[in-house]
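Scroll down for the structure; my scribbles are underneath it.
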2 protein chains.
Amino acid sequence: MIEWRLNQPKWLQVANIIKERIASGQYQVDAPVPSEHQIVQEFGVARGTARKVLERLREEGVTYSVRGLGSFVAAPAAE
Amino acid sequence: MIEWRLNQPKWLQVANIIKERIASGQYQVDAPVPSEHQIVQEFGVARGTARKVLERLREEGVTYSVRGLGSFVAAPAAE
DNA sequence: TATGATTTGTGCGTATGTATT
DNA sequence: TAATACATACGCACAAATCAT
């Protein structure tokens, strides 16, 4: 079970959890991250919240999404 | 035509109707229940609502779904 | 072999209403 | 007041699996 913090929105907390999994190697590059539906199921949030999570990860360049396929871990940005 | 009740969601009402059909023997074990598209057509709901109906039936163990095939009546759970 | 139809899975967009913070 | 969150419901596009032709 997730222990939600009260001082930050759920969508941000879920996004951070997924980012930690990516950083830890749990999700490899080009491997799928949880889908909208899976986020709803695993974290017990609403669909709108799940969408916001994936939207945030895309905006940060952490993942990329393909319609009809899902969202996947992006290759690390070159520095 | 369906007479929708205002006090409960459409997806629940449709799910209950299908469960009644299963209970009555109208849909046999391993026989297909209405597909998403058929639910859309018969009950006049959106696909998302139809998906929610089948999702609920799966969660209750009433049916099982196979990608590319459809949803089918599950064998009764042993007690 | 391949083509199309059917079906489920997924992503994405939008809207309304309610409740909480 | 505003942001967050949940629930419900509508819709479209594309992908993958399956089956029949």
May I ask you to check whether B:S65 and B:R58 show a side-chain donor-acceptor distance below 3.5 Å? yes
Are the charged groups of B:E42 and B:R21 less than 4.0 angstrom apart, N to O? yes
If you assign each of A:G44 and B:A46 to its closest nucleotide in DNA chain D, which residue comes earlier from the 5' end? A:G44
B:R51 side chain near C:dG9 phosphate (N/O to OP1/OP2, under 4.0 Å): yes
Does B:T49 reach the main-chain N or O of B:V45 with its side chain, forming a donor-acceptor pair under 3.5 Å? no
List the atom of A:S35, the atom of A:L54, and the distance in Å for their closest heavy-atom pair. C-CD1, 4.3 Å
For the pair made of CD1 in B:I39 and C1' in D:dC10, what is the distance, rounded to whole Å? 16 Å
When you measure from the side-chain N and O atoms of B:K52 to the phosphate of D:dT8, is any distance below 4.0 Å, counting only OP1 and OP2? yes
Rounded distance in Å - CG (B:N7) to P (D:dT8): 13 Å
Between A:E55 and A:R51, is there a salt bridge with N-O shorter than 4.0 Å? no
Can you tell me the pairing partner of D:dT21 across any strand shown, Watson-Crick or G-U wobble, with both distances under 3.5 angstrom? C:dA2
B:F43 CZ - D:dA9 P separation (whole Å): 14 Å
Mind checking A:G70 for me? I need base, sugar-phosphate or nothing, with any heavy atom below 4.0 Å counting as a touch. sugar-phosphate
First encountered from the 5' end of DNA chain D, between B:V45 and A:L69: B:V45
With the side chain defined as heavy atoms from C-beta on, B:K10 is closest, among D:dC6, D:dC14, D:dC10, to D:dC10
Would you tell me if any nitrogen or oxygen in the side chain of A:R67 comes within less than 4.0 Å of OP1 or OP2 on C:dG13? no
Please confirm whether the shortest side-chain N or O distance from A:S65 to OP1 or OP2 of C:dC12 is below 4.0 Å. yes
Would you say D:dC6 has OP1 or OP2 under 4.0 Å from some side-chain N or O of A:T49? yes
Atom CG of B:L54 to atom P of C:dT8: distance rounded to whole Å? 6 Å
Whole angstrom value for the distance that separates P of D:dC6 from CH2 of A:W11: 13 Å
Whole angstroms only, please: what is the CD-C1' distance between B:Q8 and D:dA7? 15 Å
